[in-house]
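First up is the structure itself, then whatever we jot down about it.
These numbers were taken from a predicted model, which means no experiment stands behind them. Protein chains get the first letters and strands the later ones, always in sequence-line order, with residue 1 at the start of each.
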Amino acid sequence: MNADSPQQSGYLPVATATLCPDAVMDCDLFVRHQGAPSLVLYRRAGLPVTEAELQRLHSEGDGRVYIRFQEAENYHAYLREHVLRNERLPLAARMAALRDVMRVMFQEASAAPTGNPVIRLSIDFGRDLADLVSQSPDEAQDLLRVLEHDYYTFTHVCNVSVYCLLVARRMATLDTLELAELATGALLHDLGKRHVPRHVLNKPDKLTDAEWELVRRHPGDGYSELVDRPELSEGQLMMVYQHHEHLDGSGYPTGVLNDEIHPWAKVCTVADVFDALTCQRPYRRAVPAAEVCDYLRQRASTWFDAGAVSCLVDQIHATP
Amino acid sequence: MFTNALEPVRPALESDQEFLARIGPLPTTLNDARRFPRFYFERRVRAAIHAPRHCRGHEVREAVVRTRDLSRGGINLLHTEQLFPRQRLDLALHGDALQTVEVVWCRRLQANRYVAGCRFVEASA
(Lines give C-alpha, C1' and ligand atoms only; values in the text may rest on other atoms or scores of the structure.)
Protein backbone atom coordinates (compact mmCIF):
# COMPACT_ATOMS: atom_id res chain seq x y z
CA MET A 1 0.00 0.00 0.00
CA ASN A 2 3.00 2.31 -0.26
CA ALA A 3 1.89 4.02 -3.36
CA ASP A 4 3.12 7.41 -4.41
CA SER A 5 1.89 6.68 -7.87
CA PRO A 6 -0.99 4.20 -7.61
CA GLN A 7 -0.98 3.31 -11.28
CA GLN A 8 2.70 2.47 -11.24
CA SER A 9 2.45 0.37 -8.13
CA GLY A 10 -0.45 -1.77 -9.25
CA TYR A 11 -3.60 0.19 -8.40
CA LEU A 12 -6.34 1.15 -10.80
CA PRO A 13 -8.10 4.48 -10.15
CA VAL A 14 -11.88 4.18 -10.30
CA ALA A 15 -14.16 7.23 -10.55
CA THR A 16 -16.38 7.43 -7.48
CA ALA A 17 -19.16 8.47 -9.85
CA THR A 18 -19.28 4.88 -11.10
CA LEU A 19 -19.90 3.45 -7.60
CA CYS A 20 -23.46 2.54 -6.85
CA PRO A 21 -24.82 2.91 -3.32
CA ASP A 22 -25.27 -0.39 -1.50
CA ALA A 23 -23.99 -2.46 -4.44
CA VAL A 24 -21.41 -5.03 -3.41
CA MET A 25 -18.05 -5.07 -5.14
CA ASP A 26 -15.87 -8.14 -4.92
CA CYS A 27 -12.61 -6.26 -4.44
CA ASP A 28 -10.99 -4.11 -1.74
CA LEU A 29 -11.32 -0.35 -2.14
CA PHE A 30 -8.52 2.08 -1.24
CA VAL A 31 -8.48 5.85 -0.92
CA ARG A 32 -5.79 8.47 -0.78
CA HIS A 33 -6.19 10.99 2.03
CA GLN A 34 -5.29 14.56 1.21
CA GLY A 35 -1.54 15.09 1.46
CA ALA A 36 -0.90 11.46 2.38
CA PRO A 37 1.76 9.68 0.31
CA SER A 38 0.13 6.25 0.34
CA LEU A 39 -3.24 4.63 -0.12
CA VAL A 40 -5.23 3.29 2.79
CA LEU A 41 -7.81 0.54 2.83
CA TYR A 42 -11.29 2.07 2.71
CA ARG A 43 -13.63 -0.90 2.36
CA ARG A 44 -13.07 -4.65 2.32
CA ALA A 45 -14.38 -6.71 -0.59
CA GLY A 46 -18.00 -7.75 -0.24
CA LEU A 47 -19.05 -4.79 1.89
CA PRO A 48 -21.27 -2.14 0.28
CA VAL A 49 -20.65 1.60 0.30
CA THR A 50 -23.69 3.52 1.51
CA GLU A 51 -25.22 6.58 -0.12
CA ALA A 52 -23.93 8.83 2.68
CA GLU A 53 -20.41 7.44 2.37
CA LEU A 54 -20.46 7.97 -1.35
CA GLN A 55 -21.51 11.58 -0.87
CA ARG A 56 -18.58 12.06 1.47
CA LEU A 57 -16.18 10.44 -0.98
CA HIS A 58 -17.41 12.78 -3.71
CA SER A 59 -17.08 15.90 -1.63
CA GLU A 60 -13.92 15.21 0.35
CA GLY A 61 -11.79 12.95 -1.83
CA ASP A 62 -10.19 13.40 -5.23
CA GLY A 63 -13.18 11.80 -6.97
CA ARG A 64 -11.44 8.43 -7.11
CA VAL A 65 -11.01 5.24 -5.17
CA TYR A 66 -8.45 2.62 -6.09
CA ILE A 67 -8.52 -1.13 -6.61
CA ARG A 68 -5.67 -3.59 -7.06
CA PHE A 69 -4.79 -4.47 -10.65
CA GLN A 70 -5.18 -8.16 -9.94
CA GLU A 71 -8.79 -7.54 -8.90
CA ALA A 72 -9.66 -5.71 -12.13
CA GLU A 73 -11.72 -8.66 -13.36
CA ASN A 74 -13.95 -8.44 -10.28
CA TYR A 75 -14.42 -4.73 -10.90
CA HIS A 76 -15.33 -5.52 -14.52
CA ALA A 77 -18.04 -7.88 -13.28
CA TYR A 78 -19.31 -5.10 -11.00
CA LEU A 79 -19.36 -2.65 -13.93
CA ARG A 80 -21.39 -5.05 -16.01
CA GLU A 81 -23.90 -5.68 -13.30
CA HIS A 82 -24.35 -2.19 -11.90
CA VAL A 83 -22.83 0.49 -14.13
CA LEU A 84 -22.90 -0.17 -17.87
CA ARG A 85 -26.68 -0.13 -18.03
CA ASN A 86 -27.11 2.61 -15.45
CA GLU A 87 -28.74 5.39 -17.45
CA ARG A 88 -28.31 7.90 -14.63
CA LEU A 89 -24.63 7.97 -15.54
CA PRO A 90 -23.55 9.72 -18.76
CA LEU A 91 -22.54 7.30 -21.51
CA ALA A 92 -19.06 8.82 -21.66
CA ALA A 93 -18.49 8.15 -17.96
CA ARG A 94 -19.56 4.53 -18.34
CA MET A 95 -17.30 4.17 -21.36
CA ALA A 96 -14.35 5.71 -19.52
CA ALA A 97 -14.81 3.34 -16.58
CA LEU A 98 -14.98 0.34 -18.88
CA ARG A 99 -11.97 1.48 -20.91
CA ASP A 100 -9.82 2.02 -17.81
CA VAL A 101 -10.45 -1.43 -16.39
CA MET A 102 -10.05 -3.04 -19.80
CA ARG A 103 -6.71 -1.33 -20.32
CA VAL A 104 -5.37 -3.02 -17.19
CA MET A 105 -6.84 -6.39 -18.13
CA PHE A 106 -5.47 -6.17 -21.69
CA GLN A 107 -2.01 -5.30 -20.40
CA GLU A 108 -2.03 -8.44 -18.30
CA ALA A 109 -3.49 -10.58 -21.07
CA SER A 110 -0.95 -9.29 -23.61
CA ALA A 111 1.88 -10.63 -21.49
CA ALA A 112 0.54 -14.19 -21.84
CA PRO A 113 2.49 -16.47 -24.20
CA THR A 114 -0.60 -17.20 -26.33
CA GLY A 115 -3.26 -14.94 -27.75
CA ASN A 116 -6.06 -16.77 -25.91
CA PRO A 117 -6.56 -14.30 -23.02
CA VAL A 118 -6.62 -11.34 -25.43
CA ILE A 119 -9.18 -13.10 -27.62
CA ARG A 120 -11.42 -13.88 -24.65
CA LEU A 121 -11.17 -10.30 -23.38
CA SER A 122 -11.84 -8.89 -26.84
CA ILE A 123 -15.06 -10.87 -27.08
CA ASP A 124 -16.17 -9.62 -23.64
CA PHE A 125 -15.15 -6.03 -24.30
CA GLY A 126 -16.67 -6.01 -27.80
CA ARG A 127 -19.98 -7.10 -26.33
CA ASP A 128 -19.83 -4.36 -23.67
CA LEU A 129 -18.96 -1.67 -26.22
CA ALA A 130 -21.73 -2.69 -28.59
CA ASP A 131 -24.14 -2.78 -25.67
CA LEU A 132 -23.17 0.76 -24.68
CA VAL A 133 -23.63 2.09 -28.21
CA SER A 134 -26.92 0.27 -28.73
CA GLN A 135 -28.60 1.31 -25.51
CA SER A 136 -27.93 5.03 -25.98
CA PRO A 137 -27.78 5.64 -29.73
CA ASP A 138 -28.40 9.37 -29.35
CA GLU A 139 -25.49 9.77 -26.99
CA ALA A 140 -23.13 7.48 -28.91
CA GLN A 141 -21.21 10.43 -30.29
CA ASP A 142 -20.19 11.34 -26.76
CA LEU A 143 -17.97 8.29 -26.82
CA LEU A 144 -15.57 10.15 -29.10
CA ARG A 145 -14.90 12.66 -26.33
CA VAL A 146 -13.46 10.07 -23.98
CA LEU A 147 -11.15 8.42 -26.48
CA GLU A 148 -7.48 8.85 -25.68
CA HIS A 149 -4.79 9.47 -28.24
CA ASP A 150 -1.57 7.89 -27.09
CA TYR A 151 0.11 5.21 -29.15
CA TYR A 152 -0.40 2.23 -26.90
CA THR A 153 -1.81 -0.80 -28.64
CA PHE A 154 -4.84 -1.00 -26.37
CA THR A 155 -5.75 2.64 -26.95
CA HIS A 156 -5.54 2.13 -30.69
CA VAL A 157 -7.69 -1.00 -30.86
CA CYS A 158 -10.20 0.49 -28.41
CA ASN A 159 -10.52 3.65 -30.51
CA VAL A 160 -10.80 1.69 -33.76
CA SER A 161 -13.54 -0.39 -32.19
CA VAL A 162 -15.55 2.70 -31.21
CA TYR A 163 -15.09 4.28 -34.67
CA CYS A 164 -16.19 1.03 -36.32
CA LEU A 165 -19.33 0.91 -34.19
CA LEU A 166 -20.22 4.52 -34.94
CA VAL A 167 -19.66 4.07 -38.68
CA ALA A 168 -21.53 0.76 -38.80
CA ARG A 169 -24.51 2.23 -36.99
CA ARG A 170 -24.83 4.85 -39.70
CA MET A 171 -24.03 2.63 -42.66
CA ALA A 172 -25.93 -0.56 -42.06
CA THR A 173 -28.59 -2.17 -39.99
CA LEU A 174 -26.66 -4.42 -37.70
CA ASP A 175 -28.28 -5.96 -34.64
CA THR A 176 -26.57 -5.84 -31.25
CA LEU A 177 -25.03 -9.25 -31.76
CA GLU A 178 -23.46 -8.18 -35.07
CA LEU A 179 -22.29 -4.90 -33.57
CA ALA A 180 -20.61 -6.90 -30.79
CA GLU A 181 -18.92 -9.08 -33.41
CA LEU A 182 -17.77 -6.01 -35.30
CA ALA A 183 -16.39 -4.42 -32.14
CA THR A 184 -14.55 -7.61 -31.23
CA GLY A 185 -13.11 -7.88 -34.74
CA ALA A 186 -11.79 -4.34 -34.42
CA LEU A 187 -10.24 -5.13 -31.04
CA LEU A 188 -8.46 -8.08 -32.62
CA HIS A 189 -7.49 -6.47 -35.93
CA ASP A 190 -3.86 -5.89 -34.95
CA LEU A 191 -3.33 -9.17 -33.08
CA GLY A 192 -0.65 -10.16 -35.60
CA LYS A 193 1.53 -7.29 -34.38
CA ARG A 194 2.36 -9.48 -31.39
CA HIS A 195 4.84 -11.11 -33.75
CA VAL A 196 6.47 -7.86 -34.88
CA PRO A 197 9.43 -6.88 -32.68
CA ARG A 198 8.66 -3.89 -30.46
CA HIS A 199 11.73 -2.00 -31.63
CA VAL A 200 10.37 -2.16 -35.18
CA LEU A 201 6.87 -0.99 -34.19
CA ASN A 202 8.27 1.91 -32.16
CA LYS A 203 11.15 2.81 -34.43
CA PRO A 204 11.32 6.60 -34.77
CA ASP A 205 13.21 6.44 -38.11
CA LYS A 206 12.24 5.17 -41.52
CA LEU A 207 11.80 1.40 -41.65
CA THR A 208 14.17 -0.65 -43.79
CA ASP A 209 12.76 -2.93 -46.48
CA ALA A 210 13.27 -5.95 -44.23
CA GLU A 211 11.44 -4.22 -41.35
CA TRP A 212 8.59 -3.31 -43.67
CA GLU A 213 8.34 -6.95 -44.66
CA LEU A 214 7.91 -7.84 -40.98
CA VAL A 215 5.20 -5.23 -40.49
CA ARG A 216 3.38 -6.30 -43.65
CA ARG A 217 3.08 -9.81 -42.29
CA HIS A 218 0.89 -8.85 -39.36
CA PRO A 219 -2.55 -9.21 -41.05
CA GLY A 220 -1.68 -12.71 -42.25
CA ASP A 221 -0.14 -13.68 -38.92
CA GLY A 222 -3.19 -12.45 -37.02
CA TYR A 223 -5.57 -14.25 -39.38
CA SER A 224 -3.57 -17.49 -39.14
CA GLU A 225 -3.61 -17.32 -35.37
CA LEU A 226 -7.36 -16.75 -35.20
CA VAL A 227 -8.78 -18.72 -38.10
CA ASP A 228 -9.36 -21.92 -36.14
CA ARG A 229 -11.32 -20.19 -33.38
CA PRO A 230 -14.92 -21.34 -33.91
CA GLU A 231 -16.30 -18.40 -31.93
CA LEU A 232 -15.03 -15.91 -34.53
CA SER A 233 -17.01 -15.18 -37.69
CA GLU A 234 -15.80 -14.70 -41.25
CA GLY A 235 -16.39 -10.95 -41.00
CA GLN A 236 -14.19 -10.68 -37.93
CA LEU A 237 -11.43 -12.75 -39.52
CA MET A 238 -11.54 -10.59 -42.64
CA MET A 239 -11.20 -7.45 -40.49
CA VAL A 240 -7.95 -8.95 -39.24
CA TYR A 241 -6.74 -10.14 -42.64
CA GLN A 242 -7.88 -7.31 -44.93
CA HIS A 243 -7.64 -4.11 -42.90
CA HIS A 244 -4.68 -2.89 -44.98
CA GLU A 245 -6.21 -3.66 -48.37
CA HIS A 246 -7.17 -0.80 -50.70
CA LEU A 247 -10.09 -0.79 -53.14
CA ASP A 248 -7.73 -0.29 -56.11
CA GLY A 249 -5.57 -3.29 -55.19
CA SER A 250 -2.63 -1.28 -53.89
CA GLY A 251 -2.90 -2.56 -50.32
CA TYR A 252 -1.52 -5.62 -48.59
CA PRO A 253 -1.20 -8.54 -47.85
CA THR A 254 -2.96 -9.77 -51.02
CA GLY A 255 -3.70 -6.67 -53.06
CA VAL A 256 -7.32 -7.68 -53.68
CA LEU A 257 -9.85 -5.30 -55.23
CA ASN A 258 -13.03 -3.70 -53.99
CA ASP A 259 -15.45 -6.62 -54.34
CA GLU A 260 -13.05 -9.05 -52.74
CA ILE A 261 -12.76 -7.00 -49.56
CA HIS A 262 -15.26 -7.81 -46.83
CA PRO A 263 -17.54 -4.85 -45.91
CA TRP A 264 -16.45 -5.04 -42.26
CA ALA A 265 -12.81 -4.90 -43.32
CA LYS A 266 -13.57 -1.73 -45.33
CA VAL A 267 -15.01 -0.10 -42.22
CA CYS A 268 -12.06 -1.26 -40.15
CA THR A 269 -9.58 0.16 -42.68
CA VAL A 270 -11.07 3.65 -42.47
CA ALA A 271 -11.27 3.54 -38.66
CA ASP A 272 -7.70 2.21 -38.44
CA VAL A 273 -6.24 4.92 -40.67
CA PHE A 274 -8.16 7.68 -38.92
CA ASP A 275 -6.96 6.64 -35.50
CA ALA A 276 -3.40 5.88 -36.60
CA LEU A 277 -3.02 9.37 -38.07
CA THR A 278 -4.74 11.30 -35.28
CA CYS A 279 -2.66 9.62 -32.58
CA GLN A 280 0.87 10.60 -31.77
CA ARG A 281 3.35 7.94 -32.82
CA PRO A 282 7.02 7.48 -31.92
CA TYR A 283 7.93 8.51 -35.47
CA ARG A 284 5.59 11.47 -35.99
CA ARG A 285 3.24 13.91 -34.32
CA ALA A 286 -0.51 13.55 -34.31
CA VAL A 287 -2.24 14.97 -37.40
CA PRO A 288 -5.29 17.19 -36.71
CA ALA A 289 -8.61 15.39 -37.25
CA ALA A 290 -9.69 17.85 -39.96
CA GLU A 291 -6.58 17.10 -42.01
CA VAL A 292 -7.11 13.38 -41.63
CA CYS A 293 -10.71 13.79 -42.81
CA ASP A 294 -9.38 15.54 -45.94
CA TYR A 295 -6.85 12.75 -46.44
CA LEU A 296 -9.59 10.13 -46.23
CA ARG A 297 -11.93 12.05 -48.55
CA GLN A 298 -9.19 12.48 -51.16
CA ARG A 299 -8.68 8.72 -51.25
CA ALA A 300 -12.35 7.73 -50.97
CA SER A 301 -13.27 5.25 -53.73
CA THR A 302 -9.62 4.68 -54.71
CA TRP A 303 -8.24 3.36 -51.45
CA PHE A 304 -11.11 3.62 -48.99
CA ASP A 305 -14.79 2.81 -49.09
CA ALA A 306 -16.58 6.10 -49.81
CA GLY A 307 -19.57 5.26 -47.61
CA ALA A 308 -17.40 4.44 -44.60
CA VAL A 309 -15.35 7.61 -45.09
CA SER A 310 -18.46 9.74 -45.36
CA CYS A 311 -19.99 8.25 -42.19
CA LEU A 312 -16.84 8.65 -40.15
CA VAL A 313 -16.21 12.21 -41.34
CA ASP A 314 -19.82 13.15 -40.54
CA GLN A 315 -19.42 11.72 -37.05
CA ILE A 316 -16.18 13.61 -36.46
CA HIS A 317 -17.63 16.90 -37.72
CA ALA A 318 -20.75 16.46 -35.64
CA THR A 319 -18.73 16.08 -32.45
CA PRO A 320 -18.51 19.42 -30.67
CA MET B 1 22.81 -15.39 -62.20
CA PHE B 2 23.03 -13.76 -58.75
CA THR B 3 21.87 -10.23 -58.08
CA ASN B 4 23.99 -7.68 -56.28
CA ALA B 5 24.44 -9.28 -52.87
CA LEU B 6 24.79 -5.92 -51.12
CA GLU B 7 21.46 -4.61 -52.26
CA PRO B 8 18.39 -5.70 -50.28
CA VAL B 9 16.02 -6.37 -53.12
CA ARG B 10 12.45 -7.54 -52.85
CA PRO B 11 12.02 -10.01 -55.73
CA ALA B 12 9.62 -8.58 -58.24
CA LEU B 13 6.73 -10.65 -59.48
CA GLU B 14 7.58 -10.92 -63.14
CA SER B 15 5.36 -11.82 -66.02
CA ASP B 16 4.41 -15.47 -66.10
CA GLN B 17 5.98 -16.24 -69.45
CA GLU B 18 9.34 -14.73 -68.62
CA PHE B 19 9.46 -16.40 -65.23
CA LEU B 20 8.16 -19.78 -66.23
CA ALA B 21 10.58 -20.15 -69.13
CA ARG B 22 13.54 -20.26 -66.78
CA ILE B 23 15.33 -23.30 -65.41
CA GLY B 24 17.86 -23.87 -62.63
CA PRO B 25 18.18 -22.24 -59.20
CA LEU B 26 16.48 -18.93 -58.38
CA PRO B 27 18.74 -15.99 -57.55
CA THR B 28 19.10 -15.14 -53.88
CA THR B 29 19.34 -11.74 -52.26
CA LEU B 30 20.86 -10.35 -49.09
CA ASN B 31 17.47 -10.14 -47.36
CA ASP B 32 16.42 -13.64 -48.40
CA ALA B 33 15.34 -15.46 -45.26
CA ARG B 34 14.58 -18.79 -46.90
CA ARG B 35 15.94 -21.97 -45.39
CA PHE B 36 16.41 -23.87 -48.65
CA PRO B 37 17.40 -22.84 -52.17
CA ARG B 38 14.58 -22.62 -54.68
CA PHE B 39 14.49 -23.96 -58.23
CA TYR B 40 12.37 -22.95 -61.19
CA PHE B 41 9.71 -25.61 -61.54
CA GLU B 42 7.07 -25.02 -64.18
CA ARG B 43 4.33 -27.64 -64.24
CA ARG B 44 0.58 -27.86 -64.53
CA VAL B 45 -0.59 -30.10 -61.72
CA ARG B 46 -3.90 -31.41 -60.53
CA ALA B 47 -4.93 -30.03 -57.17
CA ALA B 48 -7.62 -30.80 -54.64
CA ILE B 49 -8.27 -27.43 -53.05
CA HIS B 50 -9.78 -27.47 -49.57
CA ALA B 51 -12.10 -24.64 -48.52
CA PRO B 52 -10.41 -21.71 -46.74
CA ARG B 53 -10.43 -22.39 -43.02
CA HIS B 54 -12.63 -19.37 -42.23
CA CYS B 55 -15.41 -20.93 -44.37
CA ARG B 56 -15.65 -23.74 -41.78
CA GLY B 57 -16.63 -26.13 -44.57
CA HIS B 58 -15.12 -29.38 -45.77
CA GLU B 59 -15.70 -28.75 -49.45
CA VAL B 60 -12.86 -29.88 -51.72
CA ARG B 61 -12.67 -28.66 -55.31
CA GLU B 62 -10.60 -30.10 -58.14
CA ALA B 63 -8.54 -27.70 -60.24
CA VAL B 64 -5.33 -27.44 -62.20
CA VAL B 65 -2.74 -25.06 -60.78
CA ARG B 66 0.52 -23.95 -62.30
CA THR B 67 3.67 -24.25 -60.23
CA ARG B 68 6.46 -21.66 -60.47
CA ASP B 69 9.27 -22.77 -58.21
CA LEU B 70 10.07 -25.35 -55.60
CA SER B 71 12.35 -25.93 -52.63
CA ARG B 72 12.72 -28.58 -49.95
CA GLY B 73 10.37 -26.55 -47.74
CA GLY B 74 7.64 -25.45 -50.09
CA ILE B 75 6.29 -24.51 -53.47
CA ASN B 76 5.14 -21.39 -55.23
CA LEU B 77 2.08 -21.64 -57.46
CA LEU B 78 -0.34 -19.72 -59.62
CA HIS B 79 -4.10 -20.07 -59.37
CA THR B 80 -7.13 -18.32 -60.77
CA GLU B 81 -8.66 -17.69 -57.35
CA GLN B 82 -7.49 -16.13 -54.14
CA LEU B 83 -6.07 -18.55 -51.59
CA PHE B 84 -5.93 -17.83 -47.87
CA PRO B 85 -3.23 -18.48 -45.27
CA ARG B 86 -3.42 -22.00 -43.82
CA GLN B 87 -5.70 -23.16 -46.64
CA ARG B 88 -4.67 -26.63 -47.84
CA LEU B 89 -4.16 -28.12 -51.26
CA ASP B 90 -3.33 -31.68 -52.22
CA LEU B 91 -1.06 -31.54 -55.26
CA ALA B 92 -0.34 -34.38 -57.68
CA LEU B 93 3.27 -33.35 -58.19
CA HIS B 94 4.61 -36.74 -59.15
CA GLY B 95 2.27 -39.31 -60.67
CA ASP B 96 -0.83 -39.97 -58.60
CA ALA B 97 0.84 -39.50 -55.21
CA LEU B 98 -0.59 -36.44 -53.47
CA GLN B 99 1.52 -33.94 -51.58
CA THR B 100 -0.30 -31.69 -49.13
CA VAL B 101 0.72 -28.04 -48.96
CA GLU B 102 -0.50 -25.19 -46.78
CA VAL B 103 -0.76 -21.62 -48.04
CA VAL B 104 1.50 -19.17 -46.21
CA TRP B 105 0.82 -16.06 -48.27
CA CYS B 106 -1.07 -15.06 -51.41
CA ARG B 107 -0.80 -12.03 -53.67
CA ARG B 108 -2.98 -10.87 -56.52
CA LEU B 109 -1.07 -10.45 -59.81
CA GLN B 110 -3.95 -9.44 -62.07
CA ALA B 111 -7.57 -10.38 -62.67
CA ASN B 112 -8.09 -14.08 -61.96
CA ARG B 113 -4.41 -14.64 -61.28
CA TYR B 114 -2.94 -15.09 -57.85
CA VAL B 115 0.45 -16.30 -56.73
CA ALA B 116 0.70 -18.23 -53.48
CA GLY B 117 3.62 -19.34 -51.38
CA CYS B 118 2.95 -22.71 -49.76
CA ARG B 119 4.82 -24.99 -47.42
CA PHE B 120 4.83 -28.76 -47.48
CA VAL B 121 2.95 -30.36 -44.60
CA GLU B 122 2.03 -33.86 -43.52
CA ALA B 123 -1.52 -34.58 -44.68
CA SER B 124 -2.62 -35.50 -41.17
CA ALA B 125 -0.91 -32.56 -39.41
Side-chain angles (χ1 to χ4, degrees), chain A residues 181 184-185 188-189 191-192 195-197 200 206-262 264-265, chain B residues 3-16 28-35 49-59 74 76-89 101-119 121 124-125:
Chain A
E181 280 187 15
T184 297
L188 290 170
H189 81 278
L191 190 79
H195 305 289
V196 183
V200 173
K206 196 173 173 231
L207 296 184
T208 65
D209 288 351
E211 288 166 340
W212 259 118
E213 283 299 317
L214 284 175
V215 172
R216 281 168 181 268
R217 278 168 49 172
H218 82 269
D221 285 347
Y223 170 87
S224 295
E225 188 168 350
L226 294 169
V227 72
D228 286 336
R229 308 285 304 212
E231 65 270 46
L232 298 179
S233 68
E234 178 180 350
Q236 292 172 310
L237 291 167
M238 288 302 114
M239 290 171 83
V240 178
Y241 188 51
Q242 296 185 322
H243 71 273
H244 283 289
E245 298 287 3
H246 294 155
L247 303 187
D248 63 2
S250 64
Y252 65 90
T254 309
V256 285
L257 298 178
N258 188 358
D259 292 346
E260 295 169 296
I261 305 174
H262 194 281
W264 289 13
Chain B
T3 55
N4 181 357
L6 293 175
E7 194 183 348
V9 179
R10 186 176 170 187
L13 293 168
E14 302 152 86
S15 77
D16 292 350
T28 55
T29 55
L30 187 65
N31 60 341
D32 199 338
R34 294 173 196 281
R35 291 175 65 194
I49 304 177
H50 298 251
R53 293 175 96 97
H54 66 256
C55 295
R56 316 287 186 213
H58 298 285
E59 183 196 353
N76 199 295
L77 49 86
L78 294 166
H79 186 43
T80 52
E81 290 175 12
Q82 185 185 181
L83 299 167
F84 289 86
R86 301 199 48 209
Q87 187 173 0
R88 291 202 166 185
L89 297 85
V101 298
E102 189 173 271
V103 176
V104 178
W105 56 265
C106 176
R107 251 183 268 151
R108 181 184 181 277
L109 293 179
Q110 59 190 69
N112 302 318
R113 188 159 289 259
Y114 297 84
V115 61
C118 307
R119 65 184 182 93
V121 293
S124 56

Shortest non-hydrogen contact between B:Tyr114 and B:Cys106, atoms and distance: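 In terms of heavy atoms, the two residues are closest at CB-SG, 3.8 Å.
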
Validation row: B:Pro85, A:Val227 side chains within 4.5 angstrom (heavy atoms):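 In short, these two side chains do not touch, never coming nearer than 4.5 Å.
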
Verdict with supporting geometry, A:Glu225 and A:Val240, side-chain contact (heavy atoms from CB on, under 4.5 Å): CA-CA 10 Å; A:Glu225 188 168 350; A:Val240 178; over 6 Å; no

Those residues that, when tested against B:His79, pass side chain to side chain contact (heavy atoms under 4.5 Å, CB included) (two or more places apart):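 For B:His79, the residues satisfying side chain to side chain contact (heavy atoms under 4.5 Å, CB included) (neighbours in sequence not counted) are B:Ile49, B:Ala63, B:Val65, B:Glu81, B:Leu83.
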
Pairing residues for A:Leu207 by the side chain to side chain contact (heavy atoms under 4.5 Å, CB included) criterion, not counting sequence neighbours: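 If we apply the side chain to side chain contact (heavy atoms under 4.5 Å, CB included) test to A:Leu207, skipping adjacent residues, the hits are A:Val200, A:Lys203, A:Glu211, A:Trp212, A:Val215.
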
Neighbourhood of chain B inside residues 247-255 of chain A, taking heavy atoms under 4.5 Å as contact: A:Pro253, A:Thr254, A:Gly255

Pair listing, salt bridge (charged side-chain N to carboxylate O under 4.0 Å, His left out) test, anchored in residues 228-240 of chain A, at least two apart: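 Listed once each, the pairs are A:Asp228-B:Arg53, A:Asp228-B:Arg86, A:Arg229-A:Glu231.
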
